[in-house]
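One structure is given below, encoded as structure tokens.
Letters go in sequence order (proteins before strands), and every chain restarts at 1. Values reported hereafter were calculated over all heavy atoms of this structure, with side chains retained and with hydrogens, waters and symmetry mates removed.
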Amino acid sequence: MATLEGVPPSELSDRLDRLGGPEASRPSASRTEEGGVFPDLPNAVDGKVVLRLAPFPNGVLHIGHGRLLFVHDYYRTRYHGKILLVFDDTIGSAEKRVEAEFFDLIRGDCELAGVRPDAILYKSDRVEAQYPWARRVIEKGGAYVCRCPADTLRENRAKGSPCPERMQTPSETLDAWERMLANGYGPGEAVLRLRTDLADPDPAFRDRVLFRISDLDHPRVGRRYRVWPMLEFSWAVDDVELGVTHVLRGKELVIEDRMERYIWDLLGVAGPPFLHWGLLRVREAKVAKSKANREVRSGLYDGWSDPRTWSLRSLDRRGISMEALRAFILSFGLSLADIEVAAETLYAENRKRIDATTVRRAFVADPVPVEVEGYPFDLASVTLPNHPDRPELGNRSVRAGPSFYLARKDVLGHLGEEVRLKDLVNVRLPPADPAPGSAIRAGFTSRENRKLPRLQWVAREGAVSVDILGIEGDHAEGLAERSVASARPRDILQFERVGFVRVDDGWSAGTSPVRVVYGHP
RNA sequence: GCUCCCGUAGUCUAGUCCGGUCAAGGAUUCGGCGCCUUCGACGCCGCGACGUGGGUUCAAAUCCCGCCGGGAGCACCA
């Protein structure tokens, strides 16, 4: 369980002093309704908490970002604080580029998730705010300009051996730094590095890069800046300047805490404490941003809400509510443990919310025509409840025989047997599958409800053709009962024995087939 | 390899800070039964866990030490 994990001993004792002793700051925690435990934010003052949500704009938000969103939103609510949406759009790299379209898409994702930021900022507007801090670090002797090739730099870091540049005096560094800012170097020719300790036991912490040069065109600020800060440095600056009171991030970013603190200590400024959560993986969700981007662009995926992306949009499209996702995610608490959970748990959470209010409809996949000989004349239609356990959801009238469609799988599984057409009559299927193309001829046997295998059916008259977009991007064709034709986009239905589906937003009502997206069992 | 983090049922989680109320609670899965949704929704019932070895103690999931296992970081990405 996370408590004051992110806080170094030195800082901790400092805090205890300010608070008047250990009792005052003993970490305690609260539980959400879902069962997750969230520790108190250290020294949080109700109404004064400022959090920041910092996505990198190179993709839409997916299920994994849900934790980022909902944990921040949880603490905002708990402390009546504010959330800054800060697009972390420093220049990135050739492989990981800032892309213009995602600014709006991500804002839309936040909206969708119900996490409305109190302010929206852009790192690309704050580049110049970084430079004075860089200068202060250099003047303190905390950094040097390194002109080694990236490979050499990496090797030296691994071996713990210094490069000659490390001997620079602050004024030499300042000159080199000014030259960087004045376009004296090309990309990759010089970086500003923090001077830590090359003997630091953690190789990851040795003389990290603070600024580098990039010629990439930025969608918001173009080529106005060439010297861009790295994430750690920019946050060391902005967490302080933006008045962030608590930093919440995934534990893959713990070393960044140390970097920020190192810089604050060097400059003698105070910064906010850090809290972390562990890695969350949803087993079924193979989240690969770059692949998703490629496939959306190539048209192989059906937009940013293709189910294969596991984007928040795709979950919404499938009829999985953001409230269900929120409950699912908050149930994990702020644990540092790495978790891998099955999507089934999320589905269960969603079912709790929609089952009681979702109407049932008959759907038959891979339909084969079946004629029932001797079918009773008075059963041209029947009235069925919209929900087996919820009479308040009403009834609907459904066309019936004598001409039906049954699922091929059902027919083949019961050849020669007597079966019950659910809620209707009993029939005997022929012993063998007749020639393809012609209708199967079944014989009416009786009407009473007997203990027979029950088959889903759809009347031939009024059958509606339906296309189900599956989780793997696959399409299943089939026929549904007539009432499905009058569904509206975004309606959620349960196709009995198939699962919950949502009528696709992109479907124009009245056209055939009815397009639905599969949600979950 | 180095650094950090984490180990409660198949999975997720509560309990661990402050040892006894924990013969370990909840959710989900799974199994059985019920049901005019068949394995598939729903309802009822049930199985199932403190990684391991040692230590401290009247008493250990909880404290201490070793071991084992899992994850992350070691980018001029974020």
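The side chain of A:Arg154 places an N or O atom within less than 4.0 Å of a non-bridging phosphate oxygen (OP1 or OP2) of B:rC76. Put simply, A:Arg258 has no side-chain N or O that comes within less than 4.0 Å of OP1 or OP2 on B:rC74. Contact between the side-chain N/O atoms of A:Arg157 and the OP1/OP2 oxygens of B:rG73 is not found at any separation under 4.0 Å. Phosphate proximity of B:rC77 to A:Arg212: present, with a side-chain N or O under 4.0 Å from OP1 or OP2. Between A:Ser335 and the phosphate of B:rC6, there is no side-chain N or O to OP1/OP2 separation shorter than 4.0 Å.
Between A:Thr173 and A:Gln168, the side chains place a donor N or O and an acceptor N or O closer than 3.5 Å (distance only, hydrogens not considered). A side-chain donor-acceptor contact under 3.5 Å links A:Tyr74 and A:Arg78. Remark: the A:Arg450 side chain and the A:Ser446 side chain contain an N/O donor-acceptor pair separated by less than 3.5 Å.
Ring pair A:His72/A:Trp277 is perpendicular by interplanar angle, where above 60° counts as perpendicular and below 30° as parallel. The aromatic rings of A:Phe205 and A:Tyr262 sit perpendicular, their planes meeting at an angle over 60°, well past the 30° parallel limit. By the 30° and 60° cut-offs, the orientation of the rings of A:His276 relative to A:Phe274 is parallel.
Of the candidate nucleotides B:rC76, B:rA78, B:rC36, B:rA78 has the atom lying nearest to any side-chain atom of A:Phe56. Listed nucleotides B:rG40, B:rC36, B:rG73 differ in distance to A:Glu252; the shortest reach to its side chain belongs to B:rG73. Nearest nucleotide to the side chain of A:Arg208, out of B:rC12, B:rC74, B:rA75: B:rC74. Distances from the side chain of A:Gln456 to the nucleotides B:rC5, B:rU37, B:rG73 place B:rU37 closest. The side chain of A:Pro388 has B:rU37 as its nearest neighbour among B:rG73, B:rU13, B:rU37. Of the candidates B:rA78, B:rC76, B:rC12, B:rC12 carries the atom nearest the A:Phe332 side chain, counting heavy atoms from C-beta on. The side chain of A:Val37 lies closest to B:rG15, out of B:rA41, B:rC74, B:rG15. In the set B:rC5, B:rG40, B:rA78, the nucleotide with an atom closest to the side chain of A:Leu336 is B:rC5. Nearest to the side-chain atoms of A:Lys96 among the listed nucleotides B:rU28, B:rC74, B:rA78 stands B:rA78. Distances from the side chain of A:Arg351 to the nucleotides B:rU29, B:rC12, B:rC76 place B:rU29 closest.
Atom-to-atom, CD1 of A:Ile255 to P of B:rC4 comes out at 10 Å; the value is rounded to the nearest Å. One can place CZ of A:Arg147 at 17 Å from P of B:rC76, the figure rounded to the nearest angstrom. The CZ atom of A:Phe38 sits 17 Å away from the C1' atom of B:rG15 (whole-angstrom rounding). One can place CG of A:Asp200 at 11 Å from C1' of B:rC4, the figure rounded to the nearest angstrom. Distance A:Arg450 CZ to B:rC36 P: 15 Å, rounded to the nearest Å. Rounded to an integer number of Å, the gap from A:Asp257 CG to B:rC4 P is 14 Å. As a whole-Å value, the separation of A:Met259 CE from B:rG73 P is 16 Å. Here B:rA75 presents its P atom at 11 Å from CZ of A:Arg206, a figure rounded to the nearest Å.
The residue A:Glu344 sits close only to the backbone: its heavy atoms come under 4.0 Å of sugar-phosphate atoms, none of a base. Within 4.0 Å of A:Val254, counting heavy atoms only, lies no atom of the nucleic acid at all. Here A:Leu231 lies in heavy-atom contact (under 4.0 Å) with a base. Contact annotation for A:Asn58: no contact, since no heavy-atom pair falls under 4.0 Å across all strands. If you check every strand for non-hydrogen atoms under 4.0 Å, A:Lys352 touches sugar and phosphate atoms only. Backbone-only contact: A:Lys451 has heavy atoms under 4.0 Å from sugar-phosphate atoms and none from a base. Contact annotation for A:Asn449: base contact, defined as any heavy-atom pair under 4.0 Å involving a base atom. At the heavy-atom level, A:Gly278 lies nowhere under 4.0 Å from the strands shown. Among the atoms of the strands shown, base atoms are found under 4.0 Å from some heavy atom of A:Leu253.
One P atom belongs to B:rC22, the other to B:rU16, and the distance between them is 13 Å to the nearest Å. Comparing the C1' positions of B:rC18 and B:rC63 gives a spacing of 11 Å, expressed to the nearest Å. Atom C1' of B:rG66 sits at a distance of 27 Å from the matching atom of B:rA24, rounded to the whole Å. Separation of the C1' atoms belonging to B:rG69 and B:rA75 is 29 Å when rounded to the nearest angstrom. Separation of the P atoms belonging to B:rG19 and B:rA59 is 15 Å when rounded to the nearest angstrom. If you take atom C1' in B:rU3 and the same atom in B:rA9, they sit 33 Å apart, rounded to whole Å. For B:rC30 and B:rC50, the P atoms lie 23 Å apart once the distance is rounded to whole Å.
In terms of polar N and O atoms assigned as donor or acceptor, the side chain of A:Arg360 comes within less than 3.5 Å of the base of B:rU37 in a complementary pairing. A:Glu349 contributes no side-chain N or O that forms a donor-acceptor pair with the base of B:rA27 under 3.5 Å. If you check distances only, the side chain of A:Lys422 never reaches the base of B:rC36 with a donor-acceptor pair under 3.5 Å.
Using the Watson-Crick or G-U wobble rule with both distances under 3.5 Å, B:rG43 pairs with B:rC33. A 3.5 Å limit on both hydrogen-bonding distances identifies B:rG55 as the Watson-Crick or G-U partner of B:rC63. Pair assignment for B:rG69: B:rC6, on the basis of Watson-Crick or G-U wobble contacts that are both within less than 3.5 Å. Look at B:rA27: its Watson-Crick or wobble partner, with both distances under 3.5 angstrom, is B:rU11. Base pairing annotation: B:rC74 forms a Watson-Crick or G-U wobble pair with B:rG1, both donor-acceptor distances under 3.5 Å.
Surrounding CZ of A:Arg107 are at most 12 heavy atoms belonging to other residues, nucleotides or ligands under 6.0 Å away. Heavy atoms from other residues, nucleotides or ligands lying under 6.0 Å from CZ of A:Arg166 number more than 12.
When each of A:Pro453 and A:Asp338 is assigned the nucleotide of RNA chain B with its nearest heavy atom, A:Pro453 is the one assigned upstream, toward the 5' end. Judged by closest nucleotide on RNA chain B, A:Ala342 is the one of A:Ala342 and A:Asp151 placed further toward the 5' end.
In this structure, A:Phe233 has its ring center at least 6.0 angstrom away from the ring center of A:Trp133.
To the nearest 0.5 Å, atom CG of residue A:Leu325 and atom CD of residue A:Glu349 are 10.0 Å apart.
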